[in-house]
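Notes for the one structure printed next.
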Amino acid sequence: MRTMLAGHTARTETDFDSIAATALARCDMLAKCSDEPGQITRTFLSPAMERCNRLVQEWMRSAGMITSFDRVGNLRGYYAASSEDALRLIIGSHLDTVPNAGRYDGVLGVMLGIGLVEALAGRRCGFGIDVIGFSDEEGVRYGLPFIGSRAATGTLLAPHLARRDADGIAMYAALDAFQNAYPDVVDAGLDPRARAYLEFHIEQGPVLEHAGLALGVVETIAGQSRATVAFRGRAGHAGTTPMFLRRDALAAAAEWLTAVESAASSMPGLVATTGRISCEPDAANVIPGLVRCSLDVRHADDAIRRAAVEDFLRTADAIGNRREIEVERVVEYEQAAVRLDRTLVALADQVVSEVGVSPRHMTSGAGHDAMIMAACVPSVMFFLRSPGGISHHPDEAVYAEDVAMALRAGIRFLERFEAHLDQLSESERKSCTT
Ligand code: HGY
Ligand code: MN
Ligand code: MN
């Protein structure tokens, strides 16, 4: 069956399989762009990110796109419309990773954006397509997620730029160095003609696999809070200090972690994680004096999440009081839950059913650039099934046939979006100072 795209013909169905294979091969190539040998770790403005960007830029150019870097290192590829000054659809995701990551989180969404342009086979739509590879979504280097999409939506603020990485390099200094190395960077804001944002992403969980579905449609993205809790006790000799005289910071933190885990386990739809912990002086024969724990709390309902965070921090205070341990806690960052655009969700439902998948609305427990972009333009996400439901792990996987399915749905989305453009009036473009 040939898909008509507003007077243009996309490639045949079988071509989607080969474009999907190319997208997956590119994910494999980008997996080699890592800051750490033997694993996939690619962080904000790192040398590995530069190698990754060079490859993606090449692929964008060979797909007929005009490429540019913006001031925060986002890589942009523009595929021109059939007419000058046309409105635009942004298709994006992120190119950075967590430490020891899988090869599809974020990256596949950018490869599918390029793949959709390739599936147009040189034909032009009635709107331009901006494919964006965001420079940082995971927040690994600066502890602040979504640097790329925040810059695009005007929410990367001065206090953020002052944050320092593990080597003490401030974000503004890292950006200065990048802009010196790339003097022709463009502004990081959205083009005023941008009217919608589309993101493809692996689900990173077990729901679609359990339901036997290749694709899902994201309706809501859960809100998240990130905090740091420090337990300050007293370091001491492990051999000479009786147990009753200790102020062991790690024992206090351990009690708190298990209290948080059991409390979170009893709150439906809530997840709480301590993924990072530091212990000083970190010696086997010294009682820990200072322990710092990260805390990541998520829920689709912001009031429930905020109440849970407060509850967990009060629990830390209570444990500290009882153990004569000082507790310093700070909520570093929070992002409200976001409901994606209903009209575009309906459009996504339509194209998913057209490719033979029953539409499944989902809440995403993972954060995505779409939750930031939604502040400026109507946004929509497709999920692809995650075999084994695993992510943020080298075993992260995706089925080639699901990637081809995503391309078929994506081409039909482009077709429908064209007919839909006039409804995305100026009013849809919320006030985004960038
Ligand atoms: O942590 C997250 O939700 C996403 O992977 N950035
Ligand atoms: Mn991730
Ligand atoms: Mn991601």
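Remember, predicted model here, so these are calculated numbers, not experimental data. Just follow the structure's listing: the first ligand is 1, and inside any ligand the first atom is 1.
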- Item | Check ion pair Arg26-Asp28 (N to O, under 4.0 angstrom) | no

- Query: With backbone taken as N, CA, C and O and side chain as the heavy atoms from C-beta onward, which portion of His392 lies under 4.0 Å from ligand 1: side chain, backbone, both, or neither?
  - Reply: side chain

- Query: Polar-atom distance check: Gly365 versus ligand 1, any N or O pair below 3.5 Å?
  - Reply: no

- Task: Measure centre to centre between the rings of Phe383 and His368, then say whether the value is under 6.0 Å.
- Result: yes

- Message: Could you check whether atom CD of Glu310 has more than 12 heavy atoms from other residues, nucleotides or ligands sitting under 6.0 Å from it?
- Response: yes

- Could you tell me how the ring of Phe134 sits relative to the ring of Tyr197: parallel (under 30°), tilted (30 to 60°) or perpendicular (over 60°)? tilted

- Query: So Phe417 and Phe127, would you call those rings parallel, tilted or perpendicular, with 30° and 60° as cut-offs?
  - Reply: perpendicular

- Query: Is any protein N, O or S atom closer than 2.8 Å to the Mn ion (ligand 2), and if so, which?
  - Reply: Asp105 OD2, Glu138 OE2, His392 NE2

- Message: Closer than 4.0 angstrom, basic N to acidic O: yes or no for Arg226 and Glu334?
- Response: no

- Message: If you consider just the N/O/S atoms, which atom of His201 is the closest one to the Mn ion (ligand 3)?
- Response: NE2

- Output for pair (Met362 CE, Ile221 CD1), nearest 0.5 Å, gives 12.0 Å

- Message: What I want to know is whether Glu137 and ligand 1 share at least one N or O pair that is separated by under 3.5 angstrom.
- Response: yes

- Message: Please confirm whether Gln335 approaches ligand 1 to less than 4.0 Å, judged on its heavy atoms.
- Response: no

- Message: Quick check on contacts: which atoms of ligand 1 are under 4.0 angstrom from a heavy atom of Ala366?
- Response: 3 (O)

- Message: Distance to the ring centre below 6.0 angstrom and angle to the axis at most 45 degrees; does that hold for Arg163 and Tyr172?
- Response: no

- May I ask you to decide whether Glu219 forms a salt bridge with Arg360, counting only side-chain N to carboxylate O separations under 4.0 Å? no

- Message: My understanding is that we take every heavy atom of each candidate and find the minimum distance to atom 2 (C) of ligand 1. Doing that for Met371, His201, Arg298, His94, which one comes out nearest?
- Response: Arg298

- Item | Contact atoms of ligand 1, heavy-atom distance to Arg226 under 4.0 Å | 1 (O)

- Item | ligand 1 atoms in contact with Glu138 (distance to a heavy atom under 4.0 Å) | 4 (C), 5 (O), 6 (N)

- Task: Say whether, by atom type as modelled, one donor and one acceptor occur between the side chain of Arg42 and the main chain of Cys33 under 3.5 angstrom.
- Result: yes

